[in-house]
Amino acid sequence: MSNANQPVQGMSDITVPEVRLWQGLERSARDLLPRYGFEELRTPVVEFEAVFTRSLGETTDVVQKEMYVFEKGGRRLCLRPEGTAGVMRHAAGLGAAETDGARWYYIGPMFRSERPQAGRKRQFHQCGVECLEPPSPLVDAEILALQVDLLRAWGLEECEVRLNTRGAGGEQARVAEGLRAALAPRAAELCEDCRRRIGENVLRVLDCKNEACQAIVAQLPPSTDFMSAASRDYLAQTAAHLDALGVKARIDPRLVRGLDYYEHTVWEIASTALGAQNAVAGGGRYRMQLGGRELVGVGFAIGLERVVGVLQALGRDA
């Protein structure tokens with residue numbers, strides 16, 4: 001039985017004194033991001049379901065298991081599970097002159113129906129940016145460096161950056177075919193989810209948390225083995241630009257990110273301030289079709305609950 005005096009499980013009231021920490025993060029983001037040419041964009045919390053199924057991918061865990069979907073007036077609607085697709089839906093309704101090179105940021109709540117745990121809520125908050133510029137290792141490195149700058153401004157100086165590539169869009173079928181062939185001899189040893197993923201979305205096998213699956217994945221050839229020299233060079237150039245910007249990054253061939261719209265550069269950032277790694281942020285380059293337009297860009301999102309948790313553990317409550 002529900003308790004009318006309590007919030008829904010996985011959703012929290014944020015009150016004094018913790019709310020002051022949240023306000024400080026938001027103020028700092030709104031001060032820093034415009035210096036990089038970003039303007040705030042506020043999209044609706046409720047979107048058409050198709051905005052996400054078409055862009056995130058129908059076989060992703062977010063779409064299959066985690067979205068809050070409901071029907072109203074004969075239309076399939078949902079609470080937004082992430083920020084990029086809504087921003088791109090907005091961009092698709094504009095002209096090229098308004099979107100080419102556009103830079104937007106957002107701060108707000110997202111919703112996923114998953115098992116609540118430390119730092120992972122059913123209503124969670126993200127600060128993210130989207131930069132609608134064509135593929136460029138330099139631009140990708142700039143956006144990643146901006147994310148590191150923002151985390152440092154918030155007090156998360158000790159961060160580890162993991163970097164990889166999804167390859168050019170036209171190579172993804174070849175990558176999937178190569179990984180399926182490499183996994184085939186060990187398929188029976190994988191967990192039930194991963195046996196299904198081999199056919200549906202084989203990249204998700206690389207991200208499985210099951211120890212037996214991880215042991216098998218560790219023996220696979222890196223996905224870059226199935227990519228062109230141009231894609232491998234794009235990754236190398238991005239890493240070189242990051243180095244020139246003073247950002248240390250470790251190339252991780254198992255890093256894939258979980259959404260279908262990614263191509264070329266992808267990354268994740270973990271805070272190492274508490275010893276054990278604590279993933280707080282990620283991003284990458286993407287391409288998606290919405291509203292009859294093809295849109296390309298690069299962006300990132302930071303989980304504010306994760307940042308708040310690290311800062312509280314470090315004793316920085318205000």
Between [Y] and [X], is there a side-chain heavy-atom distance shorter than 4.5 Å?
| X | Y | answer |
| --- | --- | --- |
| Leu311 | Leu156 | yes |
| Met88 | Ser55 | no |
| Glu39 | Pro34 | no |
| Ile107 | Leu304 | yes |
| Arg196 | Glu192 | no |
| Val19 | Val16 | yes |
| Asp260 | Met288 | no |
| Arg122 | Arg112 | no |

Quick one: does any side-chain atom of [X] pair with a main-chain N or O of [Y] as donor and acceptor, under 3.5 Å?
| X | Y | result |
| --- | --- | --- |
| Arg316 | Gly155 | yes |
| Arg250 | Val161 | no |
| Arg162 | Asp252 | no |
| Thr99 | Ala91 | no |
| Gln172 | Tyr262 | yes |
| Lys248 | Gly246 | no |
| Glu305 | His125 | yes |
| Ser231 | Met227 | no |
| Thr165 | Gly167 | yes |

Common cluster, [X]/[Y], ILVMFWY with side-chain heavy-atom separation under 4.5 Å:
| X | Y | result |
| --- | --- | --- |
| Leu132 | Val266 | yes |
| Val129 | Leu138 | no |
| Val63 | Phe111 | yes |
| Val307 | Ile269 | yes |
| Met110 | Leu41 | yes |

Residues in salt bridge (charged side-chain N to carboxylate O under 4.0 Å, His left out) contact with [X], at least two apart in sequence or another chain:
| X | value |
| --- | --- |
| Asp13 | none |
| Glu177 | none |
| Arg293 | none |

Taking atom [atom1] of [X] and atom [atom2] of [Y], what is their separation to the nearest 0.5 Å?
| X | Y | atom1 | atom2 | result |
| --- | --- | --- | --- | --- |
| Arg166 | Leu255 | CZ | CG | 9.5 Å |
| Tyr105 | Gln126 | OH | CD | 15.5 Å |
| Cys194 | Glu189 | SG | CD | 12.5 Å |
| Leu144 | Thr238 | CG | OG1 | 9.0 Å |
| Arg115 | Gln9 | CZ | CD | 10.5 Å |
| Leu242 | Gln237 | CG | CD | 12.0 Å |

Could you list the residues that satisfy side chain to side chain donor-acceptor pair (under 3.5 Å) with [X], not counting sequence neighbours?
| X | value |
| --- | --- |
| Glu82 | Tyr261 |
| Asp149 | Tyr36 |
| Asp100 | none |

Is it the case that over 12 heavy atoms from other parts of the model lie below 6.0 angstrom from the [atom1] atom of [X]?
| X | atom1 | result |
| --- | --- | --- |
| Glu294 | CD | yes |
| Arg197 | CZ | yes |
| Arg42 | CZ | no |

Between the side chains of [X] and [Y], does any donor sit under 3.5 Å from an acceptor?
| X | Y | value |
| --- | --- | --- |
| Ser271 | Glu158 | no |
| Asp193 | Asn210 | no |
| Trp22 | Glu18 | yes |

Going by salt bridge (Lys or Arg N to Asp or Glu O under 4.0 Å), name the pairs with one or both residues in [range], residues two or more places apart or in two chains.
| range | value |
| --- | --- |
| residues 127-141 | Arg103-Glu133, Asp140-Arg285 |
| residues 85-98 | Glu47-Arg89 |
| residues 229-246 | none |

**Asked** Could you go step by step and tell me if Lys65 and Glu114 meet the salt bridge (charged side-chain N to carboxylate O under 4.0 Å, His left out) rule?
**Response** CA-CA 8 Å; Lys65 302 176 181 180; Glu114 53 186 341; over 6 Å; no
Considering non-hydrogen atoms only, spot the tightest contact between [X] and [Y] and give its length.
| X | Y | result |
| --- | --- | --- |
| Pro253 | Asn164 | O-ND2, 3.3 Å |
| Pro81 | Val62 | CB-CG1, 3.7 Å |
| Phe38 | Leu146 | CE1-CD2, 3.6 Å |
| Ala29 | Leu150 | CA-CD1, 3.9 Å |
| Ala279 | Arg306 | O-NH1, 2.5 Å |
| Tyr286 | Cys131 | OH-N, 4.2 Å |

Side-chain donor-acceptor pairs under 3.5 Å in residues 213-224, sequence neighbours left out?
residue	atom	partner	partner atom	Å
Gln214	NE2	Cys208	O	3.4
Gln219	OE1	Arg186	NH1	3.4
Gln219	NE2	Ala215	O	3.4

**Request:** Sort and list the pairs that fulfil ring-ring contact (aromatic ring centres under 6.0 Å, His included) and have at least one residue in residues 71-92, not counting sequence neighbours.
**Result:**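 Qualifying pairs: His90-Trp104.
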Return all side-chain donor-acceptor pairs below 3.5 angstrom for residues 70-80, not counting sequence neighbours, or 'none' if the list is empty.
residue	atom	partner	partner atom	Å
Arg76	NE	Glu49	OE1	3.0
Arg76	NH2	Glu49	OE2	3.4
Arg80	NE	Pro109	O	2.8
Arg80	NH1	Thr43	O	3.0
Arg80	NH1	Thr43	OG1	3.2
Arg80	NH2	Pro109	O	3.0

